[in-house]
Amino acid sequence: MPYEPDSSNSLHAFDFAKKTKPVMAIKRLQDKLQEFGTPVKLEVGEELFFSDDKETAFIFILSEGCASLCHFNTNLHTGTTFAPTIVGLIDGYSLYYDVENRPRHYIYAETRCTGYKVPLEKFVEQCDTYNLWHDVARILAQRLMTMSAMEEELVGLNAYGSIRAVLIELWLYPEDIRSQLNIAAFIQKRTNLSRSRIMAVLSALKEGGYITIKTGKLVDLNKLPKAF
């Protein structure tokens, strides 16, 4: 039986993020900013690093595809985002206002991605001109709420709990996106667990009939046990 999200077996933060995505706010920013952007294409596995210099800093509009935001120092993936969306607001803010010891991030293309790099100065200028800061605030507030929900769910999980959470999130992705993602690599980038530990858990879940994997891709998921 295909997996159906329920209150006892779902990553609520991901459901929340999907249902509350401020699409109209993102669209308004796209409409006003896209003409100032430089087109960017990323193939699977390519990375786009945010600038550490105000002169070349940019905000990224993701128009097509699925990408992850990663920590610059640890390479740990902090979240996955789907087009359309605006990426780099925190990096841009911290650079624009000279925040010391600021965290830095980069974009990792999970699928083929297209978008636009909008210069940071032009982004600020257009937000001032067209009063877009309310839309920026909506986007950031929604992301903060999503992060809060995720922290509540994931804090204190053991290795299996972390793998379980990622599996449930992955299963909720659109099929055309999920079919492009290698399940073991996807989990490893988000948990920092060893590949051998991940493969041992996946193998046990396959033997138990909880998941089906073909050519490294997750093709079916049933209700997962809470403990392993």
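Sequence positions, counted from 1, serve as the residue numbers for this chain.
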Single-linkage hydrophobic cluster F60~Y106, side-chain heavy atoms < 4.5 angstrom = no
Got a donor-acceptor contact below 3.5 angstrom from the R178 side chain to the L218 backbone?
-> yes
Any donor-acceptor N/O pair, T85 side chain to F82 backbone, under 3.5 Å = no
Quick one: pull up CG in D135 and CD in Q30 and give me the separation to the nearest 0.5 Å.
-> 11.5 Å
Check whether any side-chain heavy atom of I211 lies under 4.5 Å from a side-chain heavy atom of L202, and answer yes or no.
-> yes
Over all atoms of both residues, closest heavy-atom pair of L193 and I198 = O-CD1, 3.8 Å
Do the ring centers of Y173 and F186 come within less than 6.0 Å of each other?
-> yes
Candidate pair C113 and V40, rule side chain to side chain contact (heavy atoms under 4.5 Å, CB included), full reasoning | CA-CA 8 Å; C113 296; V40 173; over 6 Å; no
Is there a donor-acceptor contact under 3.5 Å from the side chain of T146 to the main chain of Q142?
-> yes
Considering only heavy atoms from C-beta outward, does the side chain of S68 approach that of T80 to under 4.5 Å?
-> yes
Atom pair CZ/CD1 of F123 and I61 - distance to nearest 0.5 Å | 9.0 Å
Can the ring centroids of F72 and F50 be said to lie less than 6.0 angstrom from one another?
-> no
Do any N or O atoms from the side chain of Y160 and from the backbone of P225 form a donor-acceptor pair under 3.5 angstrom?
-> yes
Determine the minimum heavy-atom distance between L157 and A165, stating which atoms define it.
-> CD1-CB, 4.4 Å
Roughly how far, to the nearest 0.5 Å, is CG of D52 from CZ of R104?
-> 4.0 Å
Is a side-chain donor or acceptor of K217 paired with a backbone partner of Q180 at a separation under 3.5 angstrom?
-> no
Quick one: are Y116 and P39 in side-chain contact, heavy atoms under 4.5 Å?
-> yes
Rounded to the nearest 0.5 Å, how far does CG of N192 lie from NE2 of H77?
-> 10.0 Å
I86 CD1 to K27 NZ distance, which is reported to the nearest 0.5 Å | 12.0 Å
Distance-minimising heavy-atom pair for R138 and A25 = NH1-CB, 4.3 Å
Examine distances only and state if a side-chain atom of T212 and a backbone atom of V219 form a donor-acceptor pair shorter than 3.5 Å.
-> no
So salt bridge (charged side-chain N to carboxylate O under 4.0 Å, His left out) across residues 107-118, not counting sequence neighbours, yields E43-R112, E110-R190
Looking at OH of Y108 and NZ of K189, how far apart are the two atoms once the value is rounded to the nearest 0.5 Å?
-> 2.5 Å
R102 side chain reached by D91 side chain, heavy atoms, under 4.5 Å | yes
Has the side chain of T111 got a donor or acceptor atom that lies under 3.5 Å from a matching backbone atom of G65?
-> no
